[in-house]
Amino acid sequence: MFKILMMICIFGGFLTACGLEYYPSGDLPTQARLKAIQVGDTKEKVLRILGTPASDNPPLQDKTSFLIYAQNLKESQAFFEPKEIKRDVYVYYFDANDVLKEQKHLTLSDKRSIGFEEAITPVGGRELSVFEQIINNFGRYNAGGQDSSVKR
């Protein structure tokens, strides 16, 4: 009986580890807010209604600018590479007078690749080995709800 129960637990663990996981990123304003924006609105009004964009650029050489609001959803299963299953990108183009001249809604079906720069900032200091971490953390445990990061 114990062996059967153990096999069921192990098999169940494998099935849970292989389940689908969803990773949303980005944040879009509500559909009501997105529909409230019309061509001819000022950049100030768009920012007031929609909030902070995912990307804002300084004016280009011809003094035009744009705002981007984006959200996507990826699914991942076990050890496979995550796959993007949904993408919504709203782009608002402004003229030199900061008046909205065009708005676009791009989705995953548009097949446009939007790349994000994943720059990594190195952090100063030195890396500790596993052994050094164990020695340094010896005695630092949560004792009775006290903050263990504060040295006494």
Side-chain angles (χ1 to χ4, degrees), residues 1-62 64-95 98-134 136-137 140-142 145 147-149:
M1 180 68 179
F2 179 74
K3 287 182 181 180
I4 293 173
L5 184 59
M6 192 64 153
M7 292 298 287
I8 290 173
C9 288
I10 290 173
F11 185 69
F14 283 129
L15 285 179
T16 7
C18 295
L20 285 175
E21 293 184 33
Y22 295 97
Y23 301 100
S25 69
D27 190 24
L28 281 181
T30 62
Q31 286 298 318
R33 287 183 175 189
L34 291 168
K35 289 179 181 177
I37 303 301
Q38 301 296 324
V39 172
D41 290 345
T42 64
K43 188 174 187 178
E44 180 182 309
K45 180 180 178 185
V46 172
L47 286 169
R48 188 176 64 245
I49 292 173
L50 299 182
T52 306
S55 177
D56 184 7
N57 72 309
L60 304 172
Q61 289 178 349
D62 59 353
T64 61
S65 63
F66 59 89
L67 299 174
I68 297 176
Y69 294 85
Q71 183 178 43
N72 69 357
L73 181 65
K74 292 182 180 182
E75 78 176 1
S76 176
Q77 184 173 17
F79 52 83
F80 296 110
E81 188 73 25
K83 182 175 80 171
E84 188 173 20
I85 57 172
K86 183 178 179 188
R87 179 191 307 159
D88 286 307
V89 178
Y90 291 86
V91 185
Y92 297 92
Y93 298 95
F94 298 92
D95 62 14
D98 282 344
V99 175
L100 183 64
K101 64 178 180 180
E102 183 183 2
Q103 55 186 348
K104 287 185 180 179
H105 176 216
L106 306 172
T107 62
L108 195 58
S109 62
D110 290 320
K111 301 291 185 202
R112 292 189 180 179
S113 177
I114 300 174
F116 292 98
E117 180 66 32
E118 294 187 21
I120 297 173
T121 305
V123 179
R126 82 181 183 88
E127 301 222 359
L128 299 176
S129 69
V130 174
F131 184 70
E132 288 174 316
Q133 289 178 20
I134 292 171
N136 286 339
N137 287 324
R140 290 187 190 177
Y141 58 91
N142 192 352
D147 187 2
S148 61
S149 64

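Note that the structure is predicted; figures quoted are calculated from it, not measured.
Here the closest non-hydrogen pair linking L34 and P29 is CD1-O, 3.7 Å. Contact between V99 and G40 at its shortest, heavy atoms only, is CG1-O, 3.6 Å. Here the closest non-hydrogen pair linking L108 and E84 is CD2-O, 3.5 Å.
In this structure the side chain of S65 reaches within 4.5 angstrom of the side chain of K43, judged on heavy atoms. Put simply, the side chain of L73 reaches to within 4.5 Å of the side chain of Y22, judged on heavy atoms. Between Y69 and V91 the shortest side-chain heavy-atom distance does not fall below 4.5 Å. For the pair I37 and Y92, the minimum side-chain heavy-atom distance is below 4.5 Å. The shortest side-chain heavy-atom distance between D88 and N72 does not fall under the 4.5 Å cut-off. Side-chain contact check for I49 versus R33: some heavy-atom pair is nearer than 4.5 Å.
Counted by atom type alone, S76 and K83 present zero donor-acceptor pairs between their side chains at under 3.5 Å.
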Subject >> Steps toward side-chain contact (heavy atoms from CB on, under 4.5 Å) verdict (V46, R48) >> reply: CA-CA 5 Å; V46 172; R48 188 176 64 245; over 6 Å; no
**OP:** Begin from the C-alpha positions of T42 and L100 and carry the test side-chain contact (heavy atoms from CB on, under 4.5 Å) through to its verdict.
**Re:** CA-CA 6 Å; T42 64; L100 183 64; over 6 Å; no
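Atoms CG and NZ, on D41 and K101 in that order, are 15.5 Å from each other to the nearest 0.5 Å. Atom CD of residue Q71 and atom NZ of residue K86 lie 6.5 Å apart, to the nearest 0.5 angstrom. Note that NZ of K104 is 5.0 Å distant from CD of E102, once rounded to the nearest 0.5 Å. Within the model, atoms CG of L28 and OH of Y90 stand 6.5 Å from one another, a figure rounded to the nearest 0.5 Å. To the nearest 0.5 Å, atoms NZ (K45) and CG (D98) are separated by 15.0 Å.
One N or O on the side chain of Q38 and one on the backbone of K35 form a donor-acceptor pair closer than 3.5 Å.
Ring planes of F66 and Y93: tilted class, angle from 30 to 60°.
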